[in-house]
Amino acid sequence: MSLDLRWGARTDTGLRRARNEDAYLAEPPVFAVADGMGGHARGDVAAAMVVEALRTLLDADGLDAAPIQRAVVLDEVRNADQAIHRAGNQPAEAGMGTTVCGLVPMLEEVPPSALVFNVGDSRVYLHRDDTLRQVSRDHSVVQELLDAGRIDAAEAELHPQRNVVTRSLGSGEPLDIDWWSLDLRPGDRWLLCSDGLVKEVGPDRIADLLRSEVAAQQAADRLVQLALDGGGRDNITVVVVDVSGAVPHPAADLDAGTNPRRAPVATQPRNDRQPQPLARSLEQEAPASP
Ligand code: MG
């Protein structure tokens, strides 16, 4: 007996934005959400670039496909970062970037595991044992203020810099990917989403929806509808992945640590770096440089 995956995905421009700059990939075993941003507003290009880079992990030969290695996944994210940065040097695409979050179930591992990664404020959640847990941590100004105890959750929702991320792909900064290797269990329901969902729908309502017995696609559809009903101020993208089946040797408890592992990447030491916040919303973007 082994684990099976069922999944569903939906993206929507929302009610306020002229264009959908989110992108997603939902082709097992690679699931990802990207939320683009840009000076001249080609965030859609940047988001599509990282999704296409991750799509190259899918083996066209199917049954003979070798298991995907963690390092290869993270390398694709780094390649996309470089490619977006290069493309962003073209005047027409100046300053474009994107977030990315991803889930790569590794069903052939014993015990089965999942690679989770993120850059920016697109999120990965896990609904397990009737509890919703945010696995990824936002790389955002507001998250840093929360971590420092300078604002509380209520202030975070209204904070003028709530759309500003501190890490993104394409920035030209050394890339720092947060990633986790977590166990995978039957009954797990994973959620990947852009901030357009969590701006409009609180965690309790998300948990209620995920707790319902609806199929993954229906769950994705309903979550997007909740965000639209909530105002739809941003693009909304949702990917839901359900794990079913059984494992012969149950896994140990989910890694309780909240600190992400750092991807082993040859860059400058962390303390050499100054995060460069990027404007996330069209209304907050600085004028494009000449
Ligand atoms: Mg967004």
Side-chain angles (χ1 to χ4, degrees), residues 9-26 31-51 54 77 80-81 84 88 93 95-103 117-125 134-144 146 156-171 178 191-203 205-206 220-221 223-240 275-286:
R10 186 170 163 195
T11 188
D12 195 290
T13 303
L15 304 175
R16 302 274 187 88
R17 299 291 174 93
R19 176 163 53 199
N20 192 345
E21 297 191 312
D22 287 358
Y24 70 89
L25 178 63
F31 302 90
V33 166
D35 179 348
M37 65 199 91
H40 284 292
R42 294 323 307 263
D44 53 340
V45 175
M49 284 174 76
V50 66
V51 161
L54 291 169
V77 177
D81 171 56
I84 293 165
E93 321 281 13
M96 70 178 182
T98 186
T99 71
V100 68
C101 69
L103 169 74
F117 60 89
N118 82 300
V119 177
D121 66 355
S122 298
R123 291 183 181 173
V124 179
Y125 289 88
Q134 183 180 334
V135 176
S136 61
R137 289 176 60 79
D138 292 351
H139 305 132
S140 67
V141 168
V142 160
Q143 184 64 53
E144 291 182 358
L146 283 167
E157 287 192 15
L158 300 172
H159 196 278
Q161 288 187 292
R162 64 188 176 281
N163 290 324
V164 181
V165 297
T166 49
R167 295 190 211 172
S168 63
L169 303 190
S171 69
D178 285 350
L191 166 68
L192 288 70
C193 64
S194 61
D195 64 335
L197 174 70
V198 297
K199 277 176 184 166
E200 312 294 3
V201 187
R205 294 180 72 204
I206 293 174
D221 292 343
L223 285 169
V224 169
Q225 190 59 51
L226 285 176
L228 292 169
D229 294 344
R233 290 170 289 175
D234 194 1
N235 308 144
I236 308 146
T237 301
V238 171
V239 176
V240 176
Q276 296 291 319
L278 290 178
R280 288 298 314 287
S281 64
L282 296 175
E283 62 270 20
Q284 289 192 357
E285 276 165 10

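Both counts, for ligands and for their atoms, begin at 1 and track the order of listing.
- The minimum distance between the Mg ion (ligand 1) and any N, O or S atom of D234 involves atom OD2.
- Shown here are the salt bridge (charged side-chain N to carboxylate O under 4.0 Å, His left out) partners of D221, two or more places apart in sequence or in another chain: there are none.
- The Mg ion (ligand 1) does not have E21 among its coordinating residues (no N/O/S atom, backbone or side chain, under 2.8 Å).
- With the Mg ion (ligand 1) as the vertex, OD1 of D195 and OD2 of D35 span 80° to the nearest 10°.
- One finds a salt bridge joining D44 and R42 here, because a Lys/Arg side-chain nitrogen approaches an Asp/Glu carboxylate oxygen to under 4.0 Å.
- A salt bridge does not link R162 to E157: none of the charged side-chain nitrogens sits closer than 4.0 Å to a carboxylate oxygen.
- D234 and S194 are not linked by any side-chain donor-acceptor pair at a separation below 3.5 angstrom, with hydrogens and angles left out of the test.
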